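So you know, we letter chains A, B, ... as the sequences are listed, proteins then strands, and number each from 1. Side chains included, hydrogens not; waters and symmetry mates left out as well; all remaining heavy atoms used. It should be emphasised that the depicted structure is a prediction, and the values quoted were computed from it without experimental measurement.
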Protein chains: 2
Amino acid sequence: MQLKSIHILIVDDHPMVIEGLKTLLSDDERVIVKTHFINGTDALSYLQKDTADVILLDVNLPDINGVEMVPKILNTRANIGIIGLSTYSEPSIINQMIRNGVKGYLLKNATADELVNAIIQVHLGNFYFGSEVQKILADSVTQESSNLPKLTRREKHVLTLIADGKTTNIIAEELFISPLTVETHRRNLMQKLEVSNAASLIKVAIDKKLI
Amino acid sequence: MQLKSIHILIVDDHPMVIEGLKTLLSDDERVIVKTHFINGTDALSYLQKDTADVILLDVNLPDINGVEMVPKILNTRANIGIIGLSTYSEPSIINQMIRNGVKGYLLKNATADELVNAIIQVHLGNFYFGSEVQKILADSVTQESSNLPKLTRREKHVLTLIADGKTTNIIAEELFISPLTVETHRRNLMQKLEVSNAASLIKVAIDKKLI
DNA sequence: ATCAATATACCGGAAAACCAGTAGAAAAAA
DNA sequence: TTTTTTCTACTGGTTTTCCGGTATATTGAT
């Protein structure tokens, strides 16, 4: 029934992880580990000539950041499925990986079942995220959306105009109000978001998804 | 074999879509459409008392924005799977939906197969995105990552410090260089990103994923 | 009708950012 | 090794932001 196995590439600098993955996958005939690399550069140069179906990519490589690896891989071989791997859990990293194009993400404590499942789904072109990863992502959303400072309509408006790079005077003209008023709004915004200048105001506003 | 059908809730203000979905799903005994709502408010108040397994949620509702609906739904019923639906394709909308917690996303030209597949996968706790949706997301990543202004290492570093709300003088102290140099870096950054102040510098830097 | 929140506006002064240039040293690329 | 890029630093001046207050009109909710 199984005519063609899925070819796997492992990119990870921990020998233990490599061996562990190989062992976990050796029992399943649907997948076959082609080879492995212990750094990003070697993996990328391999992909110049050869290819694979699915890459298991560690986030913490010695040379190239895993997050940066993803677009590099996809630029070379657009239809490789990439599954991110890491021991820990930072939601921002996972989010970046997803944005950059990984199709799956697993923590290294994933079971053989999960691993094979992820590989198969990703190879089919679907997404697969381990249950712990999903929990982490869900938590990061709810956590961030809590304790949001309440901005008034006017403040939100002024905020977006500041983000557009408009000065107090320009904003005042656009809103037909005094520059002094605009400044008050800006100051209230900064106070509410607990920052001391416009640059970080924009930063935390975006972080808190107010823009 | 099929003991329990997956209970579906449709939230969409287009009668044609509602009927279409119901017809597409009527043939499959694994899913059963419980009821539907033509606006967000009614759907939310329904969820106060009753529940469902999977919600098919239109993005363009008359009262509440679909993007905002998602967290509202998940706050009430955390383990409902939400599948976003829309006719068109704006990547930013899809991204927002995903960030807010949808488990799937389909365009309205999805086939019955895709639809049922998505429902089943989402109900299992997995993600499912239609092939067109995946293409859109992939395009948006590569498109945005192109024509990026090239920042030097030092500039990137200064950029993040600015985003942290640090002033020129503070940054100079941290980097053991003259404030005048830091200012030069800031000005070069602003020129490269084509903005005229630090606030919008941070904005476009985040937009272009340089931070 | 009343109270709280919001939007409006001001003063004066200090700090920081912004602009237009120039230019040498160090590092990286050719 | 030469060339290019990056990092560094400066002068001198203008504009804008930031801070600590204060204060009234308007709007929204109860």
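Judged purely by distance below 3.5 Å, without hydrogens or angles, the side chains of B:H36 and B:K22 pair a donor atom with an acceptor atom.
Within the nucleic acid shown, A:T184 comes within 4.0 Å of at least one base atom, counting heavy atoms only.
Under the 4.0 Å criterion applied to side-chain N and carboxylate O atoms, B:K4 and B:D53 are not assigned as salt-bridge partners. Between B:E155 and B:K192 there is a salt bridge, since a side-chain N of the basic residue sits under 4.0 Å from a carboxylate O of the acidic one.
Here the P atom of nucleotide C:dA7 and the CG atom of A:N188 are 10 Å apart, to the nearest Å. In this entry the distance linking CE of A:M190 with P of D:dT16 reads 16 Å, nearest Å. Protein atom NZ of B:K166 is 19 Å distant from nucleotide atom C1' of C:dA15, rounded to whole Å. Between the C1' atom of D:dC7 and the CD atom of B:E155 lies a distance of 9 Å, rounded to the nearest Å. Note: CG (A:N197) to C1' (C:dA15) measures 12 Å, nearest angstrom. Atom pair A:L189:CG and D:dC19:P shows a separation of 13 Å (rounding to whole Å applied). What separates CZ of B:R186 from C1' of C:dA15 is a distance of 13 Å, to the nearest Å. If you take CZ of B:R154 and C1' of C:dA26, they are 12 Å apart, rounded to a whole angstrom.
Heavy-atom distances under 4.0 Å link DNA chain D to A:T168, A:N169 of residues 168-181 of chain A, given in residue order.
Phosphate contact (OP1/OP2 of C:dT8, side-chain N/O of A:H185, threshold under 4.0 Å): present. Considering only side-chain N and O atoms, A:R187 lies nowhere under 4.0 angstrom from the phosphate OP1 or OP2 of D:dC19.
Between A:F127 and B:Y128, the distance from one ring center to the other does not fall under 6.0 angstrom.
Of the candidates A:L25, A:L124, A:V116, A:I119, A:I6 forms a side-chain contact (heavy atoms from CB on, under 4.5 Å) with just one, namely A:I119.
At a cut-off of 3.5 angstrom, the base of D:dC19 holds at least one donor-acceptor pair with the side chain of A:E183.
Residues B:A198 and B:R153 each lie close to DNA chain C; by heavy-atom proximity, the contact nearer the 5' end of the strand is made by B:A198.
Within 6.0 Å of the NZ atom in B:K108, the count of heavy atoms belonging to other residues, nucleotides or ligands exceeds 12.
Below 30°, between 30° and 60°, or above 60°: for A:Y46 and A:F37 the angle between ring planes is between 30° and 60°, a tilted geometry.
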